[in-house]
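The block underneath contains the structure these notes are about, expressed in structure tokens.
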Amino acid sequence: DTAVSQTPKYLVTQMGNDKSIKCEQNLGHDTMYWYKQDSKKFLKIMFSYNNKELIINETVPNRFSPKSPDKAHLNLHINSLELGDSAVYFCASSPGEGRDEQYFGPGTRLTVT
Amino acid sequence: QQQVKQSPQSLIVQKGGISIINCAYENTAFDYFPWYQQFPGKGPALLIAIRPDVSEKKEGRFTISFNKSAKQFSLHIMDSQPGDSATYFCAASHTLKTSYDKVIFGPGTSLSVIP
């Protein structure tokens, strides 16, 4: 009965590789997000989708590409991974938009070596 | 102007004491101020939230105080417990011109409550 799930939980890969992180929510929410949390715990929004439509696209390298096949899923694909991409990536969902409670997934710790 | 400032960066409080975390913002368009709690290895979770039409909101041991004129808000944790040890994020949200909201998070405060 997990509300927001992410896979994998840990991802260790080498520079230059391409990897994907998957996210699914079973809450029936309309809006989903990707956040990046760096080593200092700073939490920064990367993307937001509302009903499969991209609504927020922060200044993120275009090596990062979100994909929302349906309202319940938001995946993150990262091309040509760099050392600076190492972080914890959180998926979240909310019933509507920013003024609703956001439900976060458990996070994916990405380590690029 | 999009920033939310938060202090202190870390806080150590004795069990039973009061933990106070302060936040400040510049953008007067912000109209929703949530606090999130994050335990190690977990995602953040909403703790309590306030809108600017009230100056205080209390839920159990947690209270948000809001000062609209000073553009500041704070979280008070009364009777702090070791189980409260976590990272706390204040945040602010406003409606963008495109009509979508965006949440800006503060940098976080690491709270340790010692027995």
### Message
Hydrophobic clusters here meaning ILVMFWY residues chained together by side-chain heavy-atom distances under 4.5 Å, can you tell me if A:Leu43 and A:Tyr33 are in one?
### Response
yes
### Query
Quick one: what part of A:Gln6 sits under 4.5 Å from any heavy atom of chain B, side chain, backbone, both or neither?
neither
### Query
Counting heavy atoms not belonging to A:Lys44, are there more than 12 under 6.0 Å from its NZ?
yes
### Summary
Value for CZ (A:Phe104) from OH (B:Tyr36), rounded to nearest 0.5 Å, stands at 5.5 Å
### Message
More than 12 heavy atoms of other residues, nucleotides or ligands under 6.0 Å from CD of A:Gln14: yes or no?
### Response
no
#### Entry: Which portion of A:Lys9 sits near chain B, non-hydrogen atoms under 4.5 angstrom
side chain
### Query
Non-hydrogen atoms of chain A under 4.5 Å away: do they reach the side chain of B:Gln38, the backbone, both or neither?
side chain
### Task
Name all pairs fulfilling the ring pair (Phe, Tyr, Trp, His ring centres under 6.0 Å) condition that reach into residues 72-92 of chain B, sequence neighbours left out, sorted by first residue then second.
B:Phe33-B:Phe73, B:Trp35-B:Phe73
### Message
For the CD atom on B:Gln9, are there more than 12 heavy atoms of other groups (residues, nucleotides or ligands in this structure) within a distance under 6.0 Å?
### Response
no
### Query
Non-hydrogen atoms of chain B under 4.5 Å away: do they reach the side chain of A:Tyr103, the backbone, both or neither?
neither
## Note on the structure
Ranked by heavy-atom pairs below 4.5 Å to chain A, first place among B:Pro107, B:Gly108, B:Gly106 goes to B:Pro107
### Task
Is it possible for you to say whether A:Tyr10 and B:Phe39 belong to one hydrophobic cluster, with membership spreading through side-chain heavy-atom contacts below 4.5 Å?
no
### Query
Atom OG1 of B:Thr109 and atom NZ of A:Lys41: how far apart are they, to the nearest 0.5 Å?
12.0 Å
